[in-house]
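Here the structure comes first, spelled out in structure tokens, and everything after it is commentary.
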Amino acid sequence: MSVLRDIGRCYRKLGDLDKAEDYLNDARRVVPADPWVLYELALVAAESGDVDVAVELLESALEVWVDADPEFRYAREAREKLAELRNR
């Protein structure tokens, strides 16, 4: 699953959002509540202009990371991205 997530992340960073989404959805089928996958899918949705889906995915990721240390990078970035999207 982590390989699928990492490949999806790479495709997102390369700007190939369709392939990124495909790999990340494959990873999500293996572990539906994985917060890293949800976070990456949220970034893909946001970059694709689907803000509502991005917000929903970020909220789901943050439910898993609810007790994460405030310094935990991914939870912090997810909170920041969620705030940015809600303030649009």
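- Connection of Val37 to Val64 is not established within any shared hydrophobic cluster, with ILVMFWY side chains joined at heavy-atom distances below 4.5 Å, either directly or through further cluster members.
- Listed here is the closest heavy atom pair of Ala54 and Ala42: CB-O, 3.4 Å.
- Scanning both residues, Gly8 and Ala20, for their nearest heavy atoms gives O-CB, 3.3 Å.
- More than 12 non-hydrogen atoms from other residues, nucleotides or ligands lie less than 6.0 angstrom from OH of Tyr39.
- Looking only at side-chain heavy atoms (C-beta outward), Leu82 and Val55 come within less than 4.5 Å of each other.
- We find that Glu40 and Lys13 are not joined by a salt bridge, their nearest charged nitrogen and carboxylate oxygen being 4.0 Å or further apart.
- Distance check: Arg9 CZ to Leu4 CG gives 15.0 Å after rounding to the nearest 0.5 Å.
- A distance of 14.0 Å separates CG of Asp26 from CZ of Arg5, quoted to the nearest 0.5 Å.
- The side-chain heavy atoms of Asp6 and Met1, taken from C-beta on, include no pair separated by under 4.5 Å.
- Both Val31 and Leu41 are part of a single hydrophobic cluster, where members link through side-chain heavy atoms under 4.5 Å apart.
- Between Asn25 and Glu21, the closest side-chain pair of non-hydrogen atoms falls below 4.5 Å.
- Interatomic distance, Glu47 CD to Leu43 CG, rounded to the nearest 0.5 Å: 6.5 Å.
- Heavy-atom minimum distance, Ala78 versus Trp65: CB-CZ3, 4.1 Å.
- The pair Glu77-Lys81 does not count as a salt bridge, with every side-chain nitrogen at least 4.0 angstrom from each carboxylate oxygen.
- In the displayed structure, Asp69 atom CG is contacted under 6.0 Å by more than 12 heavy atoms of other residues, nucleotides or ligands.
- Residues Glu71 and Arg76 are not paired through a salt bridge, judged by the lack of any N-O separation under 4.0 Å between the basic side chain and the carboxylate.
- Hydrophobic clustering (side-chain heavy atoms under 4.5 Å, transitive across Ile, Leu, Val, Met, Phe, Trp, Tyr) groups Val30 together with Leu57.
- Between Trp36 and Phe72, the ring-plane angle classifies as perpendicular under the 30° and 60° cut-offs.
- Separating the CG atom in Asp34 from the CG atom in Leu24 is a distance of 10.0 Å, to the nearest 0.5 Å.
- Following chains of ILVMFWY side-chain contacts shorter than 4.5 Å, one can reach Leu85 starting from Leu62, so the two form part of one hydrophobic cluster.
- Annotation: side chain of Leu38 is not in contact with side chain of Leu58 (no heavy-atom distance under 4.5 Å).
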